[in-house]
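Read the structure below first, then the notes.
Letters A, B, ... mirror the listed sequences (proteins, then strands); counts begin at 1.
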2 protein chains.
Amino acid sequence: MVDLELHVSLPDTGVQTGIYAKFFHGLSNPTRLRIVETLLDGERSVSQLVQTLGATQSQVSNQLACLKWCGYVTSRQDGKYVLYRISDPRVRTLLQLAREIVADNAEHIQCCTRM
Amino acid sequence: MVDLELHVSLPDTGVQTGIYAKFFHGLSNPTRLRIVETLLDGERSVSQLVQTLGATQSQVSNQLACLKWCGYVTSRQDGKYVLYRISDPRVRTLLQLAREIVADNAEHIQCCTRM
DNA sequence: TCTATATATTAAGATATCATAATATGTTAT
DNA sequence: ATAACATATTATGATATCTTAATATATAGA
């Protein structure tokens, strides 16, 4: 079980912060983000995601594994399919909030040409 | 000026999604996340951040540049210091929301051992 | 101007991530 | 059991990111 004591606005030694950094890392890849966006529309099988995203099966499976580790998605077996869904409704809120922030700061955002 | 038409729950070709992915990338590094958390407590100079985080000056400057590109922080010169601050109050909400999601899914979160 | 201090930038090696391809596992139906 | 399909895993090389060290720029004060 992970230590989840929260240190809201105090920087810590980096241990707990690392968990949140990894959590955000989950959404830091276009393919993963598109998977999450697709799943926000409802449950999907891996092959459906492959077709929708135009990505390879391996790519989708691997990114789904990552999203699962990070707690964004959950899966269940349905016959020969595996259906994935968003594990927490607040993920939608998180994405909407990010969109609003990006939209309102558009003129300042170029995003990390360097580093 | 960046194209910011929003395609809320439709996966796109990856172009717009890429912007959001890069935005989240801003918070996907422990050092950057700690910088953001520190700045949520108020404006700080680079050297203050260096001391608080125990990171090198180069590291902090580089990560601040990244956060600036991503739209998280803004800076102003104050004498020989450069003071950084969070550019949008909703960044706090974003982090709080992430904490809540992580906390409530703790048992599922290991975070990307692979990939 | 010269010096000290603060910050930014750049370069280079180490590490992490990603895409691709190949292979393995699992499920269903014959 | 075998074949066909769906998904997961692993390995490899390419690319991106991070850390460290070195250097450059900027500001303030003597």
Rounded to whole angstroms, how far apart are [atom1] on [X] and [atom2] on [N]?
{"X": "A/His25", "N": "C/dA16", "atom1": "NE2", "atom2": "C1'", "result": "9 Å"}
{"X": "B/Arg76", "N": "D/dT27", "atom1": "CZ", "atom2": "C1'", "result": "15 Å"}
{"X": "B/Leu53", "N": "C/dT7", "atom1": "CG", "atom2": "C1'", "result": "15 Å"}
{"X": "B/Gln57", "N": "D/dT23", "atom1": "CD", "atom2": "P", "result": "15 Å"}
{"X": "B/Gln63", "N": "D/dT17", "atom1": "CD", "atom2": "P", "result": "11 Å"}
{"X": "B/Gln77", "N": "D/dT27", "atom1": "CD", "atom2": "P", "result": "5 Å"}
{"X": "B/Leu64", "N": "C/dA8", "atom1": "CG", "atom2": "P", "result": "7 Å"}
{"X": "A/Gln48", "N": "D/dC5", "atom1": "CD", "atom2": "C1'", "result": "15 Å"}

Does [X] place a side-chain N or O at less than 4.0 Å from the phosphate oxygens OP1/OP2 of [N]?
{"X": "B/Ser47", "N": "C/dT7", "answer": "yes"}
{"X": "B/Thr56", "N": "D/dT19", "answer": "no"}
{"X": "A/Tyr84", "N": "D/dA8", "answer": "yes"}

(message) Counting distance alone, no hydrogens or angles: does the base of C/dT17 have a donor or acceptor under 3.5 Å from a partner atom on the side chain of A/Asn62?
(response) no
(message) Between the base of C/dA21 and the side chain of A/Ser58, is one N or O donor paired with an acceptor at under 3.5 angstrom?
(response) yes
(request) Nearest 0.5 Å please: distance from the CZ atom of B/Arg92 over to the CD atom of B/Glu37. (result) 10.5 Å
(message) Please check this pair: side chain of A/Ser87 against backbone of A/Tyr72, looking for a donor-acceptor N/O pair closer than 3.5 Å.
(response) yes
(message) I want to verify a distance call: between C/dT28, C/dT5, D/dA8, whose nearest atom is closest to the A/Val82 side chain?
(response) D/dA8
(request) Would you list the pairs meeting salt bridge (charged side-chain N to carboxylate O under 4.0 Å, His left out) in which at least one residue belongs to residues 48-65 of chain A, sequence neighbours left out? (result) none
(request) Please figure out whether A/Tyr81 or A/Thr31 has its closest DNA chain C nucleotide nearer the 5' end. (result) A/Thr31
(request) May I ask you to check whether B/Gln48 and B/Thr52 show a side-chain donor-acceptor distance below 3.5 Å? (result) no
(message) I want to check something: taking the side chain as every heavy atom from C-beta on, are A/Leu95 and B/Tyr20 in contact at a cut-off of under 4.5 Å?
(response) no
